[in-house]
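Worksheet for the structure shown next.
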Amino acid sequence: MAKKIPAPKPQLVHIKSPGAGTSSLSKAQKEFNRLTKRIARLEKEVIDFREAATKMRQRVQNEYRPLQARHNDARAALVRQLDEAFETHKLTKGEKNKITDLIGQCADLLERGHADLTPIIDKHAPPLTAEEEAAADQHTAEMMKQLVSLQYGIEFDPDVDVSTQEKFMAYVDQKMAEREAEYEQQAAQAAERRTQRKKSPKQQAAEEQKQAEEKNITKAVRTLYMDLVKHLHPDLEPDEAEKLRKTELLKQVTTAYQANELLTLLRLQLELQRIDQSHLENLAESQLKYYNKLLKEQTRELDEALLAEQQDWSAFTGKPYYYVPTPVAMELDYQHQKFGLDYKIKQLEAEVLAFSHDPAALKAFLKTHKMPKVGTGPLIFGL
């Protein structure tokens, strides 16, 4: 197998100090260096996290899912063993109640490939009566009302019928639509008032300055873009290999320009020798000011991109996004989960083996365990 050649590192965009320390750099130059350094770090963090998450999802599928299946098989075996003991062993009422509770905690196995346990689960968890079901539905409806009221501020009319999930959701959708329409009306009225309100000279000057700055920022980026487009235009290149290379580079340039990625354009200019280090060091303060505004925006977007990757992984694991903020933390968490699940499997398999050969072991287990939970524990990796 051919050795994979690592991708080259991005060109460093940094203003060097002409003196021994950074004191000789202006405030804008220091800000430029700080922002470019942070962007480079964030770009790496986003890429590293995304790649680590992709690889970890594959590992979960190849390594962790089979363990989960084995864990559920062991739980199913324990359910059968407990049910057999319930029917054949001489047990106290308290011991039978514990067995019933333990089996009830494994009802999720019916949806995890063990539908054959249905008779056992039903026997130890008989269906509710009509009155009990009605009371449970009423309790659930009240809890949902409270939750929605707290989260969205929706007040439920006392006489509204939300007895089914469909009616409940239809009522919530109606109230949310009414509120959205009210907000839109208020926003439109506020916008109209702002339009009619006469601006003070100071406000007018500030708005004009803002528009001028935005225009200059757009012009600064477009200048870099047009310079690279002219240099890379493939139609002017006779060599086919070089033409292909320029075409790919031009795609990068266009993507960076459309995303306002100033740093990417500067990197490409340095890489293609359209500018040199002295060019960066002699940038006018006004130009740096516009550059720094764009770099701040790029930093904000990268922060959001990293958070989005972390939240996506959080949705997969069922844990808060700040619990696993880095690939290293991701690896440690995975190893911890895998080790814990493997330990549970061995423990369950040992208990099933012991209970099948020694009724006294089961009685000792029931005596020392106060309503133990033998379920899957917290949701992990989407299950």
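By convention here, the first residue in the shown sequence is residue 1. As the structure is a prediction and not an experimental result, all values here were calculated from the model.
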Hey, what do you get for [atom1] ([X]) to [atom2] ([Y]), rounding to the nearest 0.5 Å?
X	Y	atom1	atom2	answer
L348	Q81	CG	CD	12.5 Å
K37	I39	NZ	CD1	13.5 Å
L117	C106	CG	SG	8.5 Å
R80	H114	CZ	NE2	6.5 Å
L262	K296	CG	NZ	13.5 Å
S356	E351	OG	CD	12.0 Å

message: Can you confirm whether more than 12 heavy atoms, excluding those of E111, are under 6.0 Å from its CD atom?
response: no

message: Can you tell me if E180 has over 12 outside heavy atoms packed within less than 6.0 Å of its CD?
response: no

For the residue pair [X] and [Y], establish whether any side-chain heavy-atom pair is separated by less than 4.5 Å.
X	Y	answer
F49	E45	no
F86	K96	yes
V79	I120	yes
H71	R75	yes
K319	D333	yes
E240	K243	yes
D161	Y171	no
V324	Y334	no

Just by distance, no angles: are the side chains of [X] and [Y] close enough, under 3.5 Å, to form a donor-acceptor pair?
X	Y	value
D83	H124	yes
Q174	E178	yes
D101	Q105	yes

- request: List the steps, then state whether side chain to side chain contact (heavy atoms under 4.5 Å, CB included) holds for F32 with L25.
  value: CA-CA 10 Å; F32 179 87; L25 293 179; over 6 Å; no

May I ask you to decide whether [X] forms a salt bridge with [Y], counting only side-chain N to carboxylate O separations under 4.0 Å?
X	Y	value
E248	K251	yes
E95	K98	no
E242	R245	yes
K346	D342	yes
D312	R57	yes
K55	E51	no

Would you say [Y] ends up clustered with [X] if hydrophobic residues are merged whenever their side chains have heavy atoms under 4.5 Å apart, either directly or through other cluster members?
X	Y	result
V229	L268	yes
M169	F156	yes
M56	Y321	no
I47	M330	no
L244	L250	no

Quick one: closest heavy-atom pair of [X] and [Y], and the distance?
X	Y	answer
R38	D303	NH2-OD2, 2.9 Å
A256	L265	CB-CD2, 3.9 Å
L283	Y291	CD1-CE2, 3.8 Å
L302	V46	O-CG2, 3.9 Å
I99	L82	CG2-O, 3.7 Å
T36	L263	CG2-CD1, 3.6 Å

message: Applying side chain to side chain contact (heavy atoms under 4.5 Å, CB included) to E349 and R70, what does each step give before you reach the verdict?
response: CA-CA 10 Å; E349 290 175 344; R70 186 178 160 198; 3.2 Å; yes

- request: Report the relative orientation of the aromatic rings in W313 and F316; use parallel for angles under 30°, tilted for 30 to 60°, perpendicular for over 60°.
  value: tilted

message: Set out, in order, the CA-CA distance, both residues' side-chain angles and the distance that settles side chain to side chain contact (heavy atoms under 4.5 Å, CB included) for E43 and Q298, then state yes or no.
response: CA-CA 10 Å; E43 286 175 335; Q298 193 173 344; 3.9 Å; yes

field: Trace of the side chain to side chain contact (heavy atoms under 4.5 Å, CB included) decision for T264 with Y257
entry: CA-CA 9 Å; T264 304; Y257 174 65; over 6 Å; no

Main chain of [Y], side chain of [X]: is a donor-acceptor contact present, judged purely on distance under 3.5 Å?
X	Y	answer
N282	S278	yes
D157	D159	no
S314	Q310	no
K363	K90	yes
Y64	L341	no
N292	A28	yes

task: Please report the C-alpha distance between R179 and E182 in whole Å, then the side-chain angles of each, then the deciding distance to 0.1 Å, and finally whether the salt bridge (Lys or Arg N to Asp or Glu O under 4.0 Å) criterion is met.
output: CA-CA 5 Å; R179 176 180 295 178; E182 183 181 350; over 6 Å; no

